[in-house]
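Not measured: the values here are computed from a predicted model. Just so you know, ligand 1 is whichever comes first in the structure, and atom 1 is the first atom listed for that ligand.
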Amino acid sequence: MRTMVPELLTSLEEYKGIALDTEKLDEMVHRVTGMALLIGVQKKISAPDAFPEHVEPMPFTLFPSPLPADIFKQSRELQKPFQSLIYKVAHDHEFMKQALQDILPVDEFTKELWNIYETVRNEGVVQEVSVMLSRNDFMMEKVTRPDNSEGLVIKQVELNTFSSGAGGVMGAVSNLHRYSLSLAGVQYEDSQLPENRPTEGLAAGLVKAWKLYNKESAVILFIVGTPRPDMPEPNTPDQRWLELDIFRQCSNIRVIYRTFPQLLAQLMLGQHKELLVDGLEVAVAYYRYGYSPSHYPTKKEYELRLTIERSRAIKCPTVAFHLAGCKKIQQVLTKDGVLERFVAEDKMRDSLRATFVGLYSLDSPSSDYIIQQALNSPDRFVLKPQREGGGNNLFGEDLKQFLHKIKDTHEKSAWILMDIIQAVSSRNRLIRRNIGPQVRNVHSELGIYGVLVCTPDQEIDNFECGYLLRTKPEEANEGGLFSGQACLDSPFLID
Ligand code: ADP
Ligand code: MG
């Protein structure tokens with residue numbers, strides 16, 4: 001690692017000597033925002049009239065953020081081994097049962113998922129093939145090496161196994177940044193803004209699954225959120241990018257979109273457990289929805305999930321992969337000796353483990369100590385439930401108050417504590433509603449996309465396929481694009 005951290009603490013503007021007065025900045029923001037819309041860096045917003053397709057630009061950074069090339073390479077290289085790890089976890093019934101047993105009595109949602117998993121396992125699985133489209137999220141921490149020089153290391157936030165989004169829109173973000181750099185007159189090597197087409201890879205995973213299903217007339221089902229007049233599904237453009245890449249790779253695959261309420265009315269199983277929607281046979285059921293308890297307002301939605309799980313359709317992902325993405329599993333994997341069960345090679349184990357920060361259960365014999373630590377210094381930790389989608393974690397004073405409330409109850413088993421990643425700050429301009437475009441201190445989160453197509457006996461395909469960089473004000477706790485204050489960004493690779 002040759003990069004000196006001080007370089008990272010400057011903005012790209014400082015690094016490249018870009019000078020922007022107010023007039024130039026206004027013009028740039030205006031032109032880059034227009035370009036963002038034109039090339040598809042957009043999300044859906046509510047429509048005040050009948051015309052359904054209202055969009056606005058996704059939040060983005062005006063410039064890419066400097067990132068050491070070796071950090072970028074290392075994050076990408078870990079994707080395959082991380083996916084192999086999750087593959088083994090999801091197929092290790094004993095391990096999953098042990099790891100999750102304490103949270104099932106106190107976490108209704110995880111319990112419902114577990115019941116679906118057990119039911120189908122006991123009935124006998126009729127579809128051996130499954131697909132996972134994952135995204136492994138990291139933040140960068142500063143370290144001081146033994147020789148007192150400073151460098152960066154990556155630390156894992158979480159590995160998403162369900163509804164890993166933003167891959168479509170990311171394909172356009174490096175082009176957007178090429179545009180802003182050209183407006184600013186910046187010279188750079190082409191390789192410093194690396195190619196990024198996540199949905200090409202993600203689509204290849206779904207197309208592969210469709211081919212393995214081996215029925216020309218069968219469709220790929222996108223299970224999506226239910227739009228409301230006041231709140232459309234903002235992810236729609238992102239999903240369309242994926243659909244477009246499926247179409248480019250195999251134009252005779254038909255993609256259908258359905259919400260849970262539509263599926264409740266239209267879905268049934270055929271004689272040989274074919275998944276039928278409106279009379280169409282489903283080859284691949286791809287979930288962009290269904291990761292939150294609020295998506296299952298009644299028992300009927302869980303029954304729907306069970307029907308899909310027990311069907312012949314290939315699931316993306318199966319309930320087993322969904323459960324393997326739980327924060328609880330992430331925490332158990334950091335315990336002494338656990339990685340040894342899944343990763344034979346010492347060096348690889350060390351590489352994976354080096355990305356872990358401390359994760360702690362609240363119900364083990366040593367928990368009292370860590371709970372006390374968190375009560376004394378809440379800013380050193382984040383408290384997480386078994387949830388996805390952003391906005392569920394507790395930080396600072398909220399963490400402290402909540403921890404006080406649950407520390408002597410059974411409910412604490414449903415939560416885990418995680419060390420705060422001491423993310424290194426950079427500087428950039430964030431172009432998003434209600435945030436001014438002035439240069440500010442920011443934290444970036446790098447996500448790596450990957451595809452795993454497998455049966456219980458073998459990994460058929462396992463590959464990495466691109467990245468997401470999200471950047472948020474350093475004072476914001478969460479870096480969600482929709483739920484938090486993050487902006488789409490791209491890495492500007494430096495040595
Ligand atoms: P979710 O499943 O809701 O996305 P995450 O575990 O990814 O939950 O956390 C949401 C966000 O909170 C992350 O994107 C990151 O910005 C922030 N965050 C999570 N864990 C940490 C941590 N250990 N240190 C610093 N920030 C964190
Ligand atoms: Mg996350």
Side-chain angles (χ1 to χ4, degrees), residues 59 65 75 82 86 107 109-110 113 133-142 152-167 170 235 287-295 317 321-331 333-334 355-361 370 373-374 377-396 398-399 414-426 430 432 441-450 467-489:
S65 291
S75 314
F82 260 116
I86 295 298
D107 188 328
F109 181 56
T110 311
L113 294 179
L133 305 183
S134 81
R135 202 189 65 225
N136 202 5
D137 291 337
F138 300 101
M139 291 172 112
M140 277 64 72
E141 259 188 6
K142 188 152 67 164
L152 294 184
V153 289
I154 50 167
K155 292 294 177 189
Q156 186 185 47
V157 177
E158 65 157 349
L159 190 146
N160 301 281
T161 62
F162 198 97
S163 294
S164 307
M170 273 312 286
N235 272 300
Y287 290 94
R288 287 298 292 257
Y289 187 78
Y291 50 81
S292 162
S294 65
H295 301 167
F321 273 109
H322 188 173
L323 287 165
C326 277
K327 270 82 178 167
K328 181 67 193 174
I329 298 280
Q330 184 186 4
Q331 178 254 315
L333 287 173
T334 64
T355 69
F356 295 167
V357 295
L359 283 136
Y360 317 92
S361 69
I370 205 72
Q373 293 269 309
S377 317
D379 291 337
R380 281 179 39 213
F381 299 92
V382 41
L383 186 62
K384 299 189 177 187
Q386 310 305 313
R387 296 289 177 271
E388 297 296 324
N392 301 301
N393 300 333
L394 296 174
F395 297 82
D398 295 342
L399 177 158
W415 295 75
I416 57 147
L417 270 172
M418 182 175 187
D419 286 342
I420 279 281
I421 301 170
Q422 303 292 343
V424 64
S425 296
S426 171
L430 307 182
R432 90 171 273 159
N441 283 358
V442 293
H443 285 163
S444 294
E445 196 168 331
L446 177 65
I448 307 295
Y449 292 97
Y467 60 86
L468 163 73
L469 195 70
R470 281 176 294 178
T471 294
K472 64 176 170 65
E474 73 175 354
E475 64 279 6
N477 285 326
E478 293 218 2
L481 289 165
F482 297 112
S483 59
Q485 293 186 49
C487 295
L488 294 166
D489 195 355

Next on the checklist: Go through it in stages, so that I can follow the logic: the residues are N136 and L446, the test is side chain to side chain contact (heavy atoms under 4.5 Å, CB included), and I'd like the CA-CA distance, side-chain angles, deciding distance and then a yes or no.
Outcome noted: CA-CA 8 Å; N136 202 5; L446 177 65; over 6 Å; no
Checklist entry - For atom 6 (O) of ligand 1, what's the nearest protein heavy atom and its distance? => result K384 NZ, 2.6 Å
Checklist entry - Which protein N, O or S atoms lie under 2.8 Å from the Mg ion (ligand 2), given by chain and residue number? => result E158 OE2
Next on the checklist: Within the structure, is a non-hydrogen atom of V382 found at a distance of less than 4.0 Å from ligand 1?
Outcome noted: yes
Next on the checklist: Test of understanding: given a 4.0 Å heavy-atom threshold, classify the contact between N477 and ligand 1 as side chain, backbone, both, or neither.
Outcome noted: backbone
Checklist entry - Considering only the protein, which heavy-atom contact is closest to atom 2 (O) of ligand 1, and what is its distance? => result K327 NZ, 2.5 Å
Checklist entry - Is E388 salt-bridged to K327, cutoff N-O under 4.0 Å? => result yes
Item to check | Presence of salt bridge, R470 and D137, under 4.0 angstrom | outcome: yes
Checklist entry - What protein heavy atom is closest to atom 25 (C) of ligand 1, reported as residue, atom name and distance in Å? => result I421 N, 3.6 Å
Item to check | Shortest protein heavy-atom distance from atom 26 (N) of ligand 1, along with the residue and atom involved | outcome: M139 SD, 3.9 Å
Item to check | Atoms of ligand 1, numbered as shown, that sit under 4.0 Å from any heavy atom of G389 | outcome: 1 (P), 2 (O), 3 (O)
Checklist entry - Is it true that a side-chain atom of Q331 and a backbone atom of I416 form a donor plus acceptor pair closer than 3.5 Å? => result no
Item to check | Ring center gap for Y449 and Y467 short of 6.0 angstrom | outcome: no
Next on the checklist: Within the structure provided, determine whether K155 and I420 are in side-chain contact (heavy-atom separation under 4.5 Å).
Outcome noted: no
Item to check | ligand 1-proximal atoms of M418, by part, heavy-atom distance under 4.0 Å | outcome: side chain
Checklist entry - Do the charged groups of R387 and D107 touch, with an N to O distance under 4.0 Å? => result yes
Checklist entry - Does at least one non-hydrogen atom of N160 fall below 4.0 angstrom from an atom of ligand 1? => result no
Next on the checklist: I'd like to check E158 versus Q330 (side-chain heavy atoms, cut-off strictly below 4.5 Å). Are they in contact?
Outcome noted: yes
Checklist entry - Applying a strict 4.0 Å limit to heavy atoms, is K472 in contact with ligand 1? => result yes
Checklist entry - What residue and atom, counting heavy atoms only, is the protein's closest point to atom 12 (O) of ligand 1, and at what distance? => result E478 CG, 3.6 Å
Next on the checklist: Return the closest protein heavy atom for atom 9 (O) of ligand 1 as residue, atom name and distance.
Outcome noted: N393 ND2, 3.0 Å
Checklist entry - If you measure only the distance, is there a donor-acceptor pair under 3.5 Å linking the side chains of Q373 and R380? => result yes
Checklist outcome for this item: Within the 4.0 Å heavy-atom cut-off, what R387 brings close to ligand 1 is backbone
Next on the checklist: Can a side-chain donor-acceptor contact be found between T471 and S444 if the only test is distance below 3.5 angstrom?
Outcome noted: yes
Next on the checklist: Among all the protein's non-hydrogen atoms, which is closest to atom 3 (O) of ligand 1, and how far away is it?
Outcome noted: G390 N, 2.7 Å
Item to check | Pair N441, S425: side-chain N/O donor-acceptor within cut-off below 3.5 Å | outcome: no
Item to check | Where G290 and H322 come nearest, the two heavy atoms and their spacing | outcome: O-CE1, 3.8 Å
Item to check | pair N393-L383: side-chain heavy atoms closer than 4.5 Å | outcome: no
Checklist outcome for this item: shortest atom 18 (N) of ligand 1-to-protein heavy-atom contact is with V157 CG1, 4.1 Å
Next on the checklist: Pair M418, Y360 - check side chain to side chain contact (heavy atoms under 4.5 Å, CB included), show working.
Outcome noted: CA-CA 6 Å; M418 182 175 187; Y360 317 92; over 6 Å; no
Checklist entry - Does ligand 1 have a heavy atom under 4.0 Å from the side chain of D419, from its backbone, from both, or from neither? => result backbone
Next on the checklist: For E158, which part has a heavy atom under 4.0 Å from ligand 1: side chain, backbone, both, or neither?
Outcome noted: side chain
